[in-house]
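Order of appearance sets the numbers: ligands from 1, and atoms from 1 within every ligand. Here the structure is a predicted model, which is why all the values come from computation and not from measurement.
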Amino acid sequence: MYKAPRGTADILPEEQAYWRYVESQATALCRLYGYQRLDTPAFEDASLFTRSIGESTDIVTKEMYVFEDRSHNKLALRPEGTAPVCRAYLEHGLGNLPQPVKLYYFAGIFRYERPQAGRYRQHYQFGFEAIGEADPALDAEVIDMAWQFFKSLWLNDLYLYINSIGCRKCRPAYLKSLKSYYSKHVAGLCKDCQTRFEKNTLRLLDCKQPTCQEAAESAPRSAESLCLECGEHFTTVKKYLDSLGLPYQVNHRLVRGLDYYTKTVFEIQPHGEGSQSALGGGGRYDDLIEELGGKPTPAIGFASGMERVVLNLKQQRVAVPDAQKTEVFIACMGEQAKREGVKLAATLRRQGIAVAGALSDRSLKAQLRQADSLGSRFVVIIGDDEVKAGSVTLRDMGKGDQRSVAMEELGKTLEDILRCAQE
Ligand code: HAM
């Protein structure tokens, strides 16, 4: 028997309500903040990612799915969504539009990671990028949007961490002081961190191993080594966040796992878990567009893993509306009743009401059982008496009561109740 590849998952029909809920809240939010959807291919030139994410990052060295196609092009399944958006921004001349250009995406992301709860080899991200504006007000707007995304899903007990990791002017001096500090602690670090010490010093700060965490606690802080411009930027971002009333905490160990970040970085984490379980993260990447061949163009963005969001919705027992449930089930008894039922089903569907039933000659009991298993809110019962009277019996499955409704009134009656319930 075949199985889905390790680290991938099928999203079964019973899971879909969560996914559609997250997608619809995210899409509504994008409208509020002025973002437009962009879809990019699932694979790109591998060098797009090597160049942007960074040659010595875990993603590029250990996790990228790289392959050669039959024309010997070196391609990679997208391990993140920001670089493809920047590539598309440049390729389609979006720099000529009024800035910032605001784009969002839902995309399958591929990383060869060690699978565990909330960590997959294929996951889906909801992400958004605002390109072409350096103002710290945009940092605050993006962080606010990320925070409101989770609030709109009714997720609670979340932490919002922010930090500034400086720019290409001030980062080299900071990295030097970090390296000098860590040179006294190398022996006590985990094996991965001993390699990071040489190649990716910044990431020593967010290692999850207890001994490494201890060393990181007393390490020099990037936010205290910022140049004047980065320092002012960070102070202003915090002021805006204060005025928006966002409950952020500055976390000097927050550095993110991709090399393109500059200045502001941020992450949203659920209560009581390590950053491996981050619900989402992002930050500024003011040099990336230039590194990809464009003119200097500041930008900032955020992405969240949908699987982790769904996991947290379940853990926090958030009741999601089930868009898939049938609203009305039509139970018919007898040939004539079925003819009416088939017509009614078609009429109601044309009105936008989700209808099941009107298909079988099974007993009323069996049809009601089916209505129940489909989670139908209403059952319309049609028998010989109803056909003669030109009416139906409308049963409210939630309340357990029923009444007679004229057949031609049924559409309007249901529309009134269902529309009213959604408001
Ligand atoms: P990232 O932190 O690597 O950032 O990923 C964003 C989010 O995707 C994470 O916070 C997490 O929720 C989810 N995620 C990451 N890896 C996995 C995995 N293996 N399984 C399940 N979920 C996962 C980025 O990718 C940046 N492109 C975000 C960004 C956008 N920065 C600026 N703009």
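- No cation-pi contact links K238 to Y248, judged by a cut-off of 6.0 Å to the six-membered ring centre and 45° from its axis.
- When each atom of ligand 1 is checked for a heavy atom of E129 under 4.0 Å away, the hits are 30 (C), 32 (C), 33 (N).
- Of all the heavy atoms of Y260, the ones lying under 4.0 Å from any atom of ligand 1 belong exclusively to the side chain.
- Using a 4.0 Å cut-off to heavy atoms of G305, the atoms of ligand 1 that qualify are 7 (C), 8 (O), 11 (C), 12 (O), 13 (C).
- Ligand 1 has no atom lying under 4.0 Å from any heavy atom of G127.
- The residue from F128, Y105, F126 that alone fulfils the ring pair (Phe, Tyr, Trp, His ring centres under 6.0 Å) condition with Y35 is F128.
- Side-chain contact, D139 with T264: a donor N or O sits under 3.5 Å from an acceptor N or O.
- Taking any N or O of R119, backbone or side chain, none lies under 3.5 Å from an N or O belonging to ligand 1.
- Taking atom 20 (N) of ligand 1 as the reference point, the nearest protein heavy-atom neighbour is Y120 N, 2.9 Å.
- Relative to atom 19 (N) of ligand 1, the option among E113, R308, R284 with the closest non-hydrogen atom is E113.
- The protein non-hydrogen atom at the shortest distance from atom 4 (O) of ligand 1 is R256 NH2, 2.9 Å.
- The residue I300 has no part lying near ligand 1, judged by heavy-atom distances below 4.0 Å.
- Distance from atom 14 (N) of ligand 1 to its nearest protein heavy atom, with residue and atom name: H123 NE2, 3.3 Å.
- With respect to atom 21 (C) of ligand 1, the closest heavy atom belonging to the protein is G118 O, 3.2 Å.
- Looking at ligand 1, you'll find an N or O of F302 within less than 3.5 Å of one of its N or O atoms.
- Every atom of ligand 1 with a heavy atom of E80 under 4.0 Å away is listed here by number and element: 25 (O), 26 (C), 27 (N).
- If you number the atoms of ligand 1 from 1 as listed, the ones under 4.0 Å from a heavy atom of G282 come out as 31 (N).
- Those atoms of ligand 1 that come under 4.0 Å of a heavy atom in Y261, given as number and element, are 26 (C), 28 (C), 29 (C), 31 (N), 32 (C).
- Protein heavy atom closest to atom 10 (O) of ligand 1, with residue, atom name and distance, is G280 CA, 3.2 Å.
- Note that K263 lies outside the cation-pi zone of F234, set by a 6.0 Å cut-off to the ring centre and a 45° limit from the axis.
- In the vicinity of G281, heavy-atom distances shorter than 4.0 Å reach the ligand 1 atoms 10 (O), 28 (C), 29 (C).
- Protein heavy atom closest to atom 12 (O) of ligand 1, with residue, atom name and distance, is A278 O, 2.8 Å.
- Ring geometry, F266 versus F302: the interplanar angle falls under 30°, so the pair is classed parallel (tilted spans 30 to 60°).
- Of all protein heavy atoms, the one closest to atom 25 (O) of ligand 1 is R111 NH2, 3.1 Å.
- Of the listed residues (R119, R121, K62), just one forms a salt bridge (Lys or Arg N to Asp or Glu O under 4.0 Å) with E113, and that residue is R119.
- At under 3.5 Å, not a single nitrogen or oxygen of L258, backbone or side chain, sits near a nitrogen or oxygen of ligand 1.
- Using a 4.0 Å heavy-atom cutoff, G257 is absent from the residues neighbouring ligand 1.
- Contacts between Q125 and ligand 1 below 4.0 angstrom, taking non-hydrogen atoms only, involve the side chain exclusively.
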